[in-house]
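Comments concern the structure below.
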Number of protein chains: 2
Amino acid sequence: MKNDIRALRTARGLSQEALGTALDVSRQTINAIEAGRYDPSLPLAFRLARFFALPIEEIFDDGAGEKAGS
Amino acid sequence: MKNDIRALRTARGLSQEALGTALDVSRQTINAIEAGRYDPSLPLAFRLARFFALPIEEIFDDGAGEKAGS
DNA sequence: TCCCTATGTAAAGCACGCTTTACACATATA
DNA sequence: TATATGTGTAAAGCGTGCTTTACATAGGGA
């Protein structure tokens with residue numbers, strides 16, 4: 001599942017380490033999620049959304065909304 | 001993490017089996033999530049939210065929003 | 001050059017999400 | 001009674017989310 005975490009993080013001038021600390025996860029976890037290696041758990045997705053003050057659906061994109069046309 | 005899935009499901013007259021089939025998971029998975037035995041993965045949370053046409057944050061509650069007063 | 005910060009990645013290990021199979025119980029209906 | 005549907009739960013097994021430790025690379029500043 002795609003996400004905008006790297007853009008949101010760098011826009012705030014934070015390192016992966018700093019964001020991990022703020023969300024109580026390791027920097028490797030932030031790196032893996034940014035790289036799309038795996039999706040965060042739902043609780044971590046909530047923490048990310050709250051941290052960036054955005055709805056989960058605006059940060060993550062599971063690709064089910066933009067089917068064909070438009 | 002608490003959720004309103006049972007209420008949303010029964011309001012639509014669906015069995016756990018029927019909801020599971022609609023979301024491509026087993027009925028045991030629906031049962032476990034309704035019972036709060038574990039949280040769904042983020043992709044499944046998206047499918048649930050889309051199915052019920054609600055934002056993820058309105059279906060799930062990780063309890064971090066209602067701190068103290070109010 | 002040396003050091004420090006930031007990032008990428010890998011491996012081992014543990015806990016959780018989800019599966020299938022299976023058994024139990026309640027309610028309804030023939 | 002027998003059969004069917006809906007639900008609760010358990011166990012084994014597999015893949016993933018996240019951890020710690022560790023090594024490598026790149027860029028900036030002393």
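Lettering of chains follows the sequences in order, A, B, ..., and the numbering in each one begins at 1. Owing to the predicted nature of the structure, the values given are computational and were not obtained by experimental measurement. Below, all heavy atoms of this structure are taken into account, side chains as well, without hydrogens, waters or symmetry copies.
- If you measure from atom OH of B:Tyr38 to atom C1' of D:dG8, you get 13 Å, rounded to the nearest angstrom.
- When rounded to the nearest whole Å, the span between CG of B:Leu44 and C1' of D:dG17 equals 15 Å.
- Candidate nucleotides D:dG8, C:dA10, C:dT19 were compared by shortest atom distance to the side chain of B:Asn31, and D:dG8 ranks first.
- Considering only the side chain of A:Ser26, D:dT19 comes nearest among D:dG17, D:dT19, C:dA6.
- Regarding B:Gln16, its CD atom lies at a distance of 14 Å from the C1' atom of C:dC25, rounded to whole Å.
- Annotation: the span from B:Leu42 atom CG to A:Ser41 atom OG amounts to 8.5 Å, rounded to 0.5 Å.
- Side-chain atoms of A:Glu34 and base atoms of C:dT7 include no donor and acceptor less than 3.5 Å apart.
- Residue A:Arg9 places its side chain closer to C:dT7 than to any other of D:dC18, C:dC18, C:dT7.
- Distance alone, capped at 3.5 Å, places no donor-acceptor pair between the B:Arg37 side chain and the B:Ile33 backbone.
- A salt bridge is defined here as a Lys NZ or Arg NE, NH1 or NH2 lying under 4.0 Å from an Asp or Glu carboxylate O, and A:Arg50 with B:Asp62 meets this definition.
- Closest to the side chain of A:Arg27, from the set C:dT9, C:dC18, C:dT20, is C:dT9.
- Rounded to whole angstrom, the span from the CD1 atom of A:Ile5 across to the C1' atom of C:dT7 amounts to 16 Å.
- When rounded to the nearest whole Å, the span between CD of A:Glu17 and C1' of C:dT9 equals 16 Å.
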Step-by-step side-chain contact (heavy atoms from CB on, under 4.5 Å) determination, A:Tyr38 to A:Thr29: CA-CA 9 Å; A:Tyr38 52 71; A:Thr29 291; 3.9 Å; yes

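- Between the CG atom of A:Leu23 and the C1' atom of D:dT19 there is a distance of 16 Å, rounded to whole Å.
- The side chain of A:Arg6 lies closest to C:dG8 when the candidates are C:dG8, D:dC18, C:dT7.
- In this structure, A:Arg37 places its CZ atom 12 Å from C1' of D:dG17, rounding to the nearest Å.
- Taking 4.0 angstrom as the limit, A:Thr29 places a side-chain polar atom (N or O) nearer than this to OP1 or OP2 of D:dT19.
- Separating the CG atom of A:Leu19 from the C1' atom of C:dA6 is a distance of 14 Å, rounded to the nearest angstrom.
- The side chain of A:Asp39 sits closest to D:dG17 out of D:dG17, D:dG8, C:dT20.
- Side-chain atoms of A:Gln28 lie closest to D:dT21 of the nucleotides D:dT21, D:dC18, C:dG8.
- Taking the nucleotide of DNA chain D with the nearest heavy atom to each of B:Leu14 and B:Pro43, the more 5' of the two is matched to B:Leu14.
- When side chains are defined from C-beta on, B:Asn3 does not count as touching B:Leu48, because their heavy atoms never get closer than 4.5 Å.
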